[in-house]
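Below is one structure; the comments refer to it alone.
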Amino acid sequence: MTSATAEVSRGSRVVTLRVAEVIEETADARSLVFDVPADAADRFAYRPGQFLTLRIPSDRSAPVARCYSLASSPLTGEPPRVTIKRTADGYGSNWLCDNISAGDTIDVLPPLGTFTPASLDTDLLLWAGGSGITPVMSILRSALAGGTGRVVLFYANRGADSVIFADALRELAEQYPERLQVTHWLESLQGLPSTARLAAFAAPYASFESFVCGPAPFMAAVTEALAGAGWPRERVTTEVFVSLTGDPFAEPEPLDPAEDADAAEVEVELDGEVHALRWPRSRTLVDVMLSDGLDVPYSCREGECGSCACTVLDGEVAMDSTGVLDQDDIDAGYTLACQARPRTDSVRIRF
C-alpha cells in the first residue's frame, strides 16, 4: 500500500483509485490491480467473494456503473484485483478491456456482496462457469491461506484457451495437494455438463458448503443437481452478475420536510448500533439512512445485487421489487433496503 492520499469525490462513498497494474489473463479477460492508499485501507477491507462497483467513463446520457468481483484474497497481502471478461455488446467490459492502462484512475465504491463463506474452516465445494471463477478464486485462495478445510473446485469452460487463472490453479493444487482438488470441464471436449453428471460429482461432498457462480444456465443446472441430490438450501450460495441500469454513485435527493408528516418510526440495527429514524413512506430505507449519514451497505439500488439485504424484526415493509430474494427469503423476514418502504407505523430492521 502507498502512503498517498485517496481522492474522495461525489460523496463520501466514492473513492478514485489508481490502477497499479493490468494483467492479461486470457485473450478476452484481464485483471485490474488497484493501489489503495493508506487513508482508504479500512474502507476497502473486504471479505472473500465480494465485489467492487466501478464508474465507467461514458458519453452516454445515463451514467454507466458495473460490478466486478474481486479475484484477490484479503488474507495474502496482495492488493485488491478485479477480473473483467469481455461480453458481447457489453459496454463496460469492452471499455475497460480496451482503454484502461496502469497509472489510470477510476471511481470506485467500496466492496460489498454476500457471496462469502461464514467460516473459512468449512469444507467447500466451489462451482464456477467461465468468468464466474472470479469470486470463487477469492474464496478458494482465502480458504487455503487462512482456513483448515478441504476445497473442491468444479470449473467449466468452453475450451482450454478460455480458462482464467489456469496457471494459478495448477500452482495452488501443487502447493495444497491434500486440501485442494480442481476439476476442469471443457465443453469443447465433454459437451455441456448434465444435471446427472453434476449431481454425481457432488455426491462425495454431501457435507460441504457449496458456492456457485457463472452463466445463468450453468448455475441453474448446478442448483438443480444439488437440490435433486438433497442438499439443504441453506448450504448452497449463488452469485448473480448484475448489469446496472441506474447510477449507484448518485447521491439521493434530500428529504423534503413535508414528507415527514406521513413517516413511520424505524429502529435500524447496523454494525451493532441502533439508530432511531423517521421513515417517510415515499422513500426507501437506503434513502433515509443515507440522508441521516449512515454508512448503509448498498450497490445497485435496483434490488439485484443483494448487498442491502436486511431482516425485518418487527412491523411490515413493502418492496417495489423483490429482486434477488425468493419467497423463502421473504417468508424468513428478509427485505432489500433499496426497495423497502414502510407499511406499518413502526418497524425494526437489522443489517
In terms of ring plane angle, is the pair Phe154 and Trp127 parallel, tilted or perpendicular, where the classes change at 30° and 60°?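 Rings of Phe154 and Trp127: tilted, 30 to 60°.
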Roughly how far, to the nearest 0.5 Å, is the [atom2] atom of [Y] from the [atom1] atom of [X]?
X: Thr284; Y: Met289; atom1: OG1; atom2: CE; value: 10.5 Å
X: Phe165; Y: Thr83; atom1: CZ; atom2: OG1; value: 3.5 Å
X: Ile106; Y: Leu17; atom1: CD1; atom2: CG; value: 9.0 Å
X: Glu239; Y: Gln50; atom1: CD; atom2: CD; value: 10.0 Å
X: Glu25; Y: Lys85; atom1: CD; atom2: NZ; value: 12.0 Å

Taking the ring of Phe211 and the ring of Phe115, is the distance between their centroids below 6.0 Å? yes
Exactly one of Arg341, Arg278, Arg281 should register a salt bridge (charged side-chain N to carboxylate O under 4.0 Å, His left out) with Asp262. Which one does?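 With Asp262 as partner, salt bridge (charged side-chain N to carboxylate O under 4.0 Å, His left out) holds for just one option, Arg281.
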All ring pair (Phe, Tyr, Trp, His ring centres under 6.0 Å) counterparts of Tyr155, not counting sequence neighbours: His184
Check Pro111, Pro74, Pro80 against Phe44 for a side-chain contact (heavy atoms from CB on, under 4.5 Å) and give me the one that passes.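 Of the listed residues Pro111, Pro74, Pro80, the side-chain contact (heavy atoms from CB on, under 4.5 Å) partner of Phe44 is Pro111.
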Would you say that more than 12 heavy atoms from the other residues, nucleotides or ligands in this model lie under 6.0 Å from the CZ of Arg233, or not? yes
Passes ring pair (Phe, Tyr, Trp, His ring centres under 6.0 Å), Trp231 versus Phe208? Steps please. CA-CA 9 Å; Trp231 281 61; Phe208 286 38; 7.9 Å; no
Are Ser142 and Ser73 close enough that a side-chain donor and a side-chain acceptor fall under 3.5 Å?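 Yes.
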